[in-house]
Enquirer: 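Just dropping this structure here.
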Amino acid sequence: MAGDTKLVLLGPPGSGKGTQAEILARELGVPHVSTGNMLRDAVAEGSTLGRKVSGIMNAGALVDDPTMAEVVRGRLGRTDARDGFILDGYPRNLVQAETLEAILGASDLDLDAVILLEVPEEELVARMAGRGRADDGEEVVRERLRVYREKTEPLVGYYDERGALRPVDGLGSVEDVSARILEAIG
Ligand code: AMP
């Protein structure tokens with residue numbers, strides 16, 4: 001496939017979005033745009049953005065929409081993202097989905113597909129327990145799942161109505177799941 005694929009990877013925390021996004025990005029020759037990684041980098045650098053978001057991230061809550069809009073608009077405006085990208089971790093609510101549409105629409109662009117990684121809740125908790133990330137403590141994991149159900153899951157219907165949703169079974173080996181994703185996007 002040519003390097004002009006604009007995809008969103010959607011799925012609960014622990015569903016394997018980051019791993020799969022990285023593989024897909026390599027496979028398709030487009031950048032992996034992970035808002036979580038960008039924010040973690042900002043925290044590690046101690047930048048203004050990092051200082052603003054670290055407490056929010058550690059609590060498992062969502063960073064505010066205007067801040068995220070700025071982060072994503074800046075990243076997608078870079079030349080390497082002009083011909084495609086794999087977005088991982090954005091959008092996370094309906095306002096962000098509309099913002100993304102506006103950002104792309106301003107350049108006459110649109111998403112090609114939204115991959116939904118489906119993984120049962122028991123499996124998510126088990127996976128995150130083994131990951132050892134700063135925001136992977138049990139209470140915070142529970143909160144991040146709750147936020148996903150409340151704020152992010154409505155995006156499933158939103159993108160389904162637009163004919164963009166491609167549900168993919170996220171259980172099994174990393175290789176099996178990436179093969180399913182590639183099949184789902186044709
Ligand atoms: P992730 O690596 O995608 O699970 O993101 C880790 C954390 O970064 C989340 O729990 C949020 O606190 C924050 N974050 C990442 N992406 C977003 C976003 N699109 N909107 C709001 N907060 C975000």
Side-chain angles (χ1 to χ4, degrees), residues 6-25 31-78 81 85-104 111 114-121 123-156 158-159 164 168 170 174 177 181:
K6 292 177 285 303
L7 295 178
V8 164
L9 273 193
L10 195 61
S15 61
K17 289 191 302 295
T19 304
Q20 293 299 333
E22 220 160 275
I23 294 172
L24 270 176
H32 170 205
V33 176
S34 159
T35 50
N37 285 350
M38 291 167 76
L39 297 179
R40 279 184 287 278
D41 287 348
V43 171
E45 284 161 14
S47 67
T48 309
L49 173 66
R51 278 180 276 124
K52 174 151 95 179
V53 302
S54 72
I56 299 169
M57 293 177 77
N58 286 335
L62 292 185
V63 174
D64 67 278
D65 295 330
T67 298
M68 293 312 301
E70 202 177 311
V71 166
V72 167
R73 188 176 284 111
R75 181 63 188 89
L76 294 186
R78 278 167 48 181
F85 50 78
I86 312 290
L87 250 182
D88 155 22
Y90 193 95
R92 261 203 166 70
N93 60 31
L94 290 166
V95 169
Q96 294 185 5
E98 283 160 7
T99 299
L100 177 60
E101 235 167 71
I103 291 172
L104 295 176
L111 290 173
V114 175
I115 310 290
L116 172 65
L117 274 183
E118 298 184 301
V119 176
E121 181 134 352
E123 174 73 12
L124 298 174
V125 176
R127 285 187 190 183
M128 281 188 280
R131 203 160 62 167
R133 221 169 70 180
D135 57 352
D136 279 348
E138 193 183 329
E139 282 308 309
V140 179
V141 162
R142 238 194 284 281
E143 176 62 9
R144 294 170 71 227
L145 280 169
R146 193 193 65 72
V147 168
Y148 175 79
R149 300 287 179 227
E150 181 186 316
K151 306 264 173 64
T152 310
E153 208 157 49
L155 294 178
V156 172
Y158 178 89
Y159 285 122
V168 169
V174 169
V177 176
I181 294 175

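Predicted model, so just to flag it, every value in this text is computed and none were measured. We count ligands from 1, going down the list as the structure has it; atoms in each ligand are counted the same way.
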Enquirer: Taking the side chain as C-beta and beyond, is there a heavy-atom pair between Val114 and Tyr158 under 4.5 Å?
Expert: no
Enquirer: Is there a side-chain contact between Met128 and Arg144 in this structure, where contact means two heavy atoms from C-beta onward sitting under 4.5 Å apart?
Expert: yes
Enquirer: Roughly how far apart are Asp88 CG and Ile115 CD1, rounded to 0.5 Å?
Expert: 12.5 Å
Enquirer: Please determine whether salt bridge (charged side-chain N to carboxylate O under 4.0 Å, His left out) holds for the pair Glu143 and Arg146, giving the CA-CA distance in whole Å, both sets of side-chain angles, and the decisive distance to 0.1 Å.
Expert: CA-CA 5 Å; Glu143 176 62 9; Arg146 193 193 65 72; 2.9 Å; yes
Enquirer: Do Asp136 and Val140 have side-chain heavy atoms sitting under 4.5 Å apart?
Expert: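 Sidechains of Val140 and Asp136: no contact.
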Enquirer: Considering only heavy atoms from C-beta outward, does the side chain of Pro31 approach that of Arg78 to under 4.5 Å?
Expert: no
Enquirer: Identify, chain by chain and in numerical order, each protein residue with a heavy atom under 4.0 Å from an atom of ligand 1.
Expert: Thr35, Gly36, Leu39, Arg40, Met57, Ala61, Leu62, Val63, Met68, Gly89, Tyr90, Arg92, Gln96, Arg133, Asp135, Arg144
